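To start, the structure under review is shown below, and the notes come after it.
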Amino acid sequence: MQKILISACLVGEKTNYKGQGNYCPQVEKLREKYDLVLFCPEMEGGLKCPRNPSEIKGNMVIMNDGTDVTRNFELGANKALALCKYLGITKAVLKENSPSCGTHRIHNGYFMDRLIVGMGITARLLKSKGIEVYSEEEIDKLL
Ligand code: SF4
């Protein structure tokens with residue numbers, strides 16, 4: 001069965017900044033066709049759970065208390081890419097709106113609960129290296 005990388009929180013793992021999951025029922029259909037490889041770039045980048053929310057601002061990623069977590073996000077993204085290369089993964093399903101995993105939208109960098117067009121750090125890196133990235137809203141395209 002073909003392997004596919006998936007944001008761990010979409011499968012219900014409690015990895016998001018609130019210490020909760022973002023379970024998406026569509027993953028059950030995905031399971032029938034793919035071997036799901038769960039991954040959370042923020043946890044793999046060394047951040048705690050729960051943690052303060054982060055947003056991308058220019059070339060940096062900052063927490064809402066001003067902490068610069070750019071290196072954590074980059075580490076998580078690089079680990080995701082390394083895992084894809086190691087396992088021969090060419091597709092990823094990533095959680096929309098996240099500063100790591102967002103594939104079409106991210107928050108605007110001012111903690112105003114406003115979304116803008118953009119990609120999270122991991123989504124951007126994977127796409128730049130030729131991996132197909134889909135949000136959970138696009139799972140139907142993979143079935
Ligand atoms: S970094 Fe990605 S996988 Fe981890 S909690 Fe955030 S959206 Fe989910």
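Please read all numbers here as calculations on a predicted model, not as lab measurements. All ligand and atom numbering here is 1-based and tracks the order in the structure.
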- K33 side chain vs L142 backbone, donor-acceptor pair below 3.5 Å: yes
- Task: Only counting residues at least two apart or in another chain, list the ones meeting salt bridge (Lys or Arg N to Asp or Glu O under 4.0 Å) with E74.
- Result: none
- Query: Is K141 salt-bridged to E132, going by a charged N under 4.0 Å from an acidic O?
  - Reply: no
- Message: What does the 4.0 Å heavy-atom contact list look like for ligand 1?
- Response: S7, A8, C9, T15, N16, F39, C40, P41, E42, R51, K95, S98, S100, C101
- Item | Candidate pair L126 and L5, rule side-chain contact (heavy atoms from CB on, under 4.5 Å), full reasoning | CA-CA 11 Å; L126 295 184; L5 192 80; 4.0 Å; yes
- Task: Report yes or no: do M1 and Y86 belong to one cluster of Ile/Leu/Val/Met/Phe/Trp/Tyr joined by side chain heavy-atom distances under 4.5 Å?
- Result: no
- Message: Please determine whether the number of non-hydrogen atoms from other residues, nucleotides or ligands lying under 6.0 Å from atom NZ of K79 exceeds 12.
- Response: yes
